[in-house]
2 protein chains.
Amino acid sequence: MDKDKIDKKDHILDVAERVFSEVGFDGASTRMISGEAGVNMAMLNYYFGSKEGLFLAIFERRIAMFKSLLVDINSDGQTTAWGKIEKYIDMYVERIFSNNCFQKMLYQELSMGKRGELSDKINKILLNNVKEFFKIVEDGIDSGDFRKDADVQFICATIYGIKNYIMNTPYVSSEMFGFDIKDDTALKEKFKPRLRNYLLALLKPYLVIEHDHTNK
Amino acid sequence: MDKDKIDKKDHILDVAERVFSEVGFDGASTRMISGEAGVNMAMLNYYFGSKEGLFLAIFERRIAMFKSLLVDINSDGQTTAWGKIEKYIDMYVERIFSNNCFQKMLYQELSMGKRGELSDKINKILLNNVKEFFKIVEDGIDSGDFRKDADVQFICATIYGIKNYIMNTPYVSSEMFGFDIKDDTALKEKFKPRLRNYLLALLKPYLVIEHDHTNK
DNA sequence: TTATATTAATCAATCGTTTGATTAATTTTG
DNA sequence: CAAAATTAATCAAACGATTGATTAATATAA
């Protein structure tokens, strides 16, 4: 049946995604992946052509998922500049905890810095996200809500960087925070809301121009 | 002479550090490293025992360098709480641009998340740095200079995370910033001071409680 | 049957490492 | 001092193991 084939391919993709994220592309052998997925080694080449084809297939699946849930915050005309930032951060925080292994894979791939069809595609997608965020901040600056000297690029790096640092240094971060970063439930219940609150509390005083209706 | 041997070992370590940082541990072959270093393949095993031994030697060399320039900011009794933060950030920013390849290697190793003698040692060193920073912030909170609800752990992740994100996504960041992140001179002249200024401008309003004697 | 799915066996290539031989440098001996 | 003995450094070649990939045979399903 066709459904079974899709299920099996999806299962292989799931396992491969986890293994790649754990030991990297070069560190993962086709035997390791097929073994953990419980399928014959040759099936990887049968379904995906090659090890690299499997790697690409993982990205294509996720990229397809991304596109289906793209939301254009900028078109939302009503909310204030800061309201858009809040909305963006909410979206971002919600998204990053939904596909942990892939996020790590993606980051590893980018950090290798080698060009290629895949990297170009990924970079383009990420740049679109970045530019959407830029526009929010720049609009806020133009409207007088945000400081004129706000460093848009670094703000962006701040939002993305904090989470990456914590997720990619699991032991240091677990020691820092006092609970296991690799534990998914603890991550979602304790970490997620805290990250959201921190980002908002951090960026607001840096970004938003205080109006003096608070006396002083 | 002994000097030549040390020079040659050091040269191999330099090359290996760069190669490892570019393609990762598994992606780097002993033939590749020895080839680029211009030495016979067997010399790697002769000097360092194994590929992993070479990898460890790179860390040992850097760790030895770290210890030699450890400065205890907390013992500096005179400066204010915010002054210590400034000093810490200055130190941090200065340091990270002095050994770029190693920083990337280190981060790759940590993100693999596999325990071992090396990882334990690295984690311990990083945790010491983290705790030193914690103490600065906590002292500031106790003295009333900093907000009581400041999230120490996330502040830490902010400082470390921003730089890691930018350095590990070279193409996205180069597009963002409008100049080549991988260019060392541009990095030091344009990027370094900007990172410093941003970190200070970002953290100050989040951290420091404004006293009203500045009227403004 | 025919087409698709799955398997074990096998492939050449590359991996990290080891070997034995050779040269260069240093130490010991007479 | 010079000759002999010892150690250190370097090399090309080869090792066994593992890699990703392919084959030919078999099983399953339509």
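Here is the naming used below: chain letters follow the sequence lines, and residue numbers restart at 1 for every chain.
- Closest to the side chain of A/Arg31, out of D/dT23, C/dT10, C/dT17, is C/dT10.
- Closest to the B/Asn45 side chain, of the nucleotides C/dT18, C/dG16, D/dG20, is C/dT18.
- The phosphate of C/dA5 (OP1 or OP2) has no side-chain N or O of A/Lys8 nearer than 4.0 angstrom.
- Listed candidates were D/dA9, C/dT18, D/dG20. Nearest to the side chain of B/Met43 is D/dA9.
- You'll find the ring centres of B/Tyr92 and B/Tyr160 inside the 6.0 Å limit.
- Using the six-membered ring where Trp is involved, A/Tyr107 and B/Tyr165 have ring planes that are parallel, under 30° apart on the 30 and 60° scheme.
- Between B/Ser50 and C/dG16 there is no side-chain N or O to OP1 or OP2 distance below 4.0 Å.
- In terms of phosphate contacts, B/Asn40 brings no side-chain nitrogen or oxygen within less than 4.0 Å of OP1 or OP2 of D/dA9.
- At least one side-chain nitrogen or oxygen of A/Tyr46 sits closer than 4.0 Å to the OP1 or OP2 atom of C/dA5.
- B/Thr30 and B/Ser34 share no donor-acceptor pair across their side chains, judged by distance under 3.5 Å alone.
- For B/Tyr47, a side-chain nitrogen or oxygen approaches OP1 or OP2 of D/dT10 to under 4.0 Å.
- Exactly one residue among B/Lys114, B/Glu109, B/Lys124 makes a side chain to side chain donor-acceptor pair (under 3.5 Å) with B/Ser119. That residue is B/Glu109.
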